[in-house]
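This report refers to the structure that appears directly beneath it.
Chain identifiers are assigned alphabetically (A, B, ...) following the order of the sequence lines, protein sequences preceding nucleic acid strands; residue numbering begins at 1 within each chain.
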Amino acid sequence: MKIATFNINGIKARLPRLIEWLEETRPAVACLQEIKSQDDGFPVADFEAIGYTAIWHGQKAFNGVAILADKRAGYEIAEVRRGLGIDGLKDGEGEQARYLEADVNGVRIACLYLPNGNPHPGPKFDYKLAWMERLRERMAEIWAEEVPAVVLGDFNVIPEDDDVWSVKAMADDALMQPESRAAYARFLNDGWTDALRTHNPRGGVWTYWDYQAGAWQRDHGFRIDHILLSPECADRLESAGVDKAHRGREKASDHAPVWVRLR
DNA sequence: ATGCCCGGTAGAACCGGA
């Protein structure tokens with residue numbers, strides 16, 4: 001069972017590339033972030049046409065998450081929850097569309113797009129940390145249900161120094177502040193397994209390359225898209241990887257897809 | 001020291017991203 005996460009950076013702009021990736025790699029489950037689409041603009045018919053079913057949670061212009069499943073291969077989605085129950089950054093703002101949870105053929109899937117948190121320090125960084133604490137609470141609830149679970153998406157955290165091409169260049173970024181890393185480490189201390197790290201213990205694997213300053217051509221990237229596994233799923237982990245070549249195609253997202261294969 | 005490039009939305013000497 002192949003389960004993937006992909007920050008697509010705009011579903012309208014990315015649709016041809018996204019369809020192409022689904023047909024080439026055919027994941028059982030694909031979690032998408034930054035669809036940047038309102039609910040009624042989600043191109044569900046394009047996914048159904050290639051045998052996928054979908055649920056989605058969007059908002060205007062920013063954020064937005066979706067879960068796709070390969071219906072042709074027999075996978076079905078049962079939505080469990082949308083949103084973590086945490087208000088937006090501004091007073092009176094509703095919840096941002098950053099979290100969607102579902103069961104797919106007996107596996108709990110939690111698809112998330114964690115706040116970036118820049119600039120640091122400041123209210124946006126505080127919001128990021130609050131969001132991470134709320135996520136940790138929800139992960140504890142999932143853990144207590146004792147279902148096989150995969151928590152995956154764009155965490156906007158560079159966990160270790162060997163997860164970034166240059167520590168110096170990114171030192172002041174919210175993605176690798178000690179507080180961000182400590183919050184991420186708490187997920188692992190709670191017992192969740194970082195699948196990509198398990199398969200690449202020495203680091204050096206990137207999932208994001210900036211559009212600017214020739215970052216892709218110079219391989220100036222870092223790892224912020226993560227797949228966390230409950231113990232039952234970790235025992236079934238067969239392989240994990242990044243579809244790096246997709247970052248180099250025309251009209252690509254600035255993130256590459258990340259995936260695991262579970263027995 | 002700053003911006004580089006994108007997408008979305010608005011029609012910006014825009015914003016947010018990471």
Criterion side chain to side chain contact (heavy atoms under 4.5 Å, CB included) on A:Ile86 and A:Glu95, from CA distance to verdict: CA-CA 6 Å; A:Ile86 180 168; A:Glu95 178 160 12; 4.0 Å; yes
Step-by-step salt bridge (Lys or Arg N to Asp or Glu O under 4.0 Å) determination, A:Asp210 to A:Arg218: CA-CA 10 Å; A:Asp210 202 305; A:Arg218 299 174 186 189; over 6 Å; no
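Residues A:Lys124 and A:Asn118 approach most closely at CD-O, 3.2 Å, considering heavy atoms. Shortest non-hydrogen contact noted between A:Ala97 and A:Gln59 is N-OE1, 2.7 Å. The two atoms that bring A:Ile109 and A:Cys31 nearest to each other are CG2-SG, 3.4 Å, heavy atoms only. Closest of all the heavy-atom pairs between A:Leu22 and A:Ala30 is CD2-CB, 4.0 Å.
Judged by distance alone, the side chains of A:Asp225 and A:Thr207 do bring a donor and an acceptor atom under 3.5 Å apart. Side-chain atoms of A:Gln33 and A:Asp154 include no donor-acceptor pair closer than 3.5 Å.
Residues from residues 203-228 of chain A that place a heavy atom under 4.0 Å from any atom of DNA chain B, listed by number: A:Tyr208, A:Tyr211, A:Gln212, A:Ala213, A:Phe222, A:Ile224. Within residues 111-126 of chain A, the residues approaching DNA chain B are A:Tyr113, A:Asn116, A:Asn118, A:Lys124, by heavy-atom distance under 4.0 Å. Listed in residue order, the members of residues 34-43 of chain A having a heavy atom less than 4.0 Å from DNA chain B are A:Glu34, A:Lys36. Within residues 11-22 of chain A, the residues having any heavy atom under 4.0 Å from DNA chain B are, by residue number, A:Lys12, A:Ala13, A:Arg14.
The P atoms of B:dG7 and B:dA18 are separated by 14 Å, rounded to the nearest whole Å. Separation of the C1' atoms belonging to B:dG16 and B:dA12 is 15 Å when rounded to the nearest angstrom. Taking the C1' atom of each, B:dG11 and B:dC15 are spaced 14 Å apart, rounded to whole Å. If you take atom C1' in B:dT2 and the same atom in B:dA10, they sit 26 Å apart, rounded to whole Å. For B:dT9 and B:dG17, the P atoms lie 15 Å apart once the distance is rounded to whole Å.
Residue A:Asp254 is classed as having no contact, given no heavy-atom separation below 4.0 Å to the nucleic acid. Residue contacts shown for A:Lys251 are limited to sugar-phosphate atoms, with no base heavy atom under 4.0 Å away. As judged by a 4.0 angstrom heavy-atom cut-off over every strand, A:Asp154 is placed among residues touching the sugar-phosphate backbone only.
A ring-centre distance under 6.0 Å is not found for A:Tyr113 and A:Phe62. Annotation: A:His226 is in aromatic contact with A:Tyr184 [ring centroid separation under 6.0 Å]. A:Phe222 has its ring centre no less than 6.0 Å from the ring centre of A:Trp206.
Residue order along DNA chain B, read from the 5' end via each residue's closest nucleotide, puts A:Lys60 first among A:Lys60 and A:Asn63. For A:Met170 and A:Ala61, each mapped to the nucleotide of DNA chain B holding its nearest heavy atom, the one lying further toward the 5' end belongs to A:Ala61.
Along DNA chain B, the stretch of nucleotides lying under 4.0 Å from any heavy atom of chain A spans, 5' to 3', B:dC4 to B:dA18.
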Please tabulate, for the side chains in residues 227-242 of chain A, all donor-acceptor contacts under 3.5 angstrom to protein atoms that are two or more places apart in sequence or on a different chain.
residue, atom, partner, partner atom, Å
A:Ser230, OG, A:Ala149, N, 3.0
A:Ser230, OG, A:Ala149, O, 3.4
A:Arg236, NE, A:Arg263, O, 2.9

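Applying the salt bridge (charged side-chain N to carboxylate O under 4.0 Å, His left out) criterion to A:Lys244, with sequence neighbours excluded, gives A:Asp219. Looking at residues two or more places apart in sequence or on another chain, you find a side chain to side chain contact (heavy atoms under 4.5 Å, CB included) between A:Lys60 and A:Gln38.
Pairs of residues two or more places apart, or lying in two chains, never qualify as salt bridge (charged side-chain N to carboxylate O under 4.0 Å, His left out) while including a residue from residues 40-55 of chain A. Residue pairs meeting the side-chain hydrogen bond (donor to acceptor under 3.5 Å, both in side chains) criterion with at least one partner in residues 128-144 of chain A, sequence neighbours excluded, are A:Glu101-A:Arg138, A:Glu133-A:Arg186, A:Arg134-A:Glu137, A:Arg136-A:Asp190, A:Arg138-A:Glu141. Annotation: salt bridge (charged side-chain N to carboxylate O under 4.0 Å, His left out) contacts involving residues 171-183 of chain A, sequence neighbours excluded, comprise A:Asp161-A:Arg181.
An anti orientation is assigned to B:dA10, its glycosidic angle lying beyond 90° of 0.
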Base-pairing string, 5' to 3', of DNA chain B - Watson-Crick or wobble, under 3.5 Å, | interstrand: ....((((.....)))).
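Between A:Arg26 and A:Asp70 a salt bridge is recorded (basic side-chain N to carboxylate O distance below 4.0 Å). We find that A:Glu24 and A:Arg249 are joined by a salt bridge, their nearest charged nitrogen and carboxylate oxygen being less than 4.0 Å apart.
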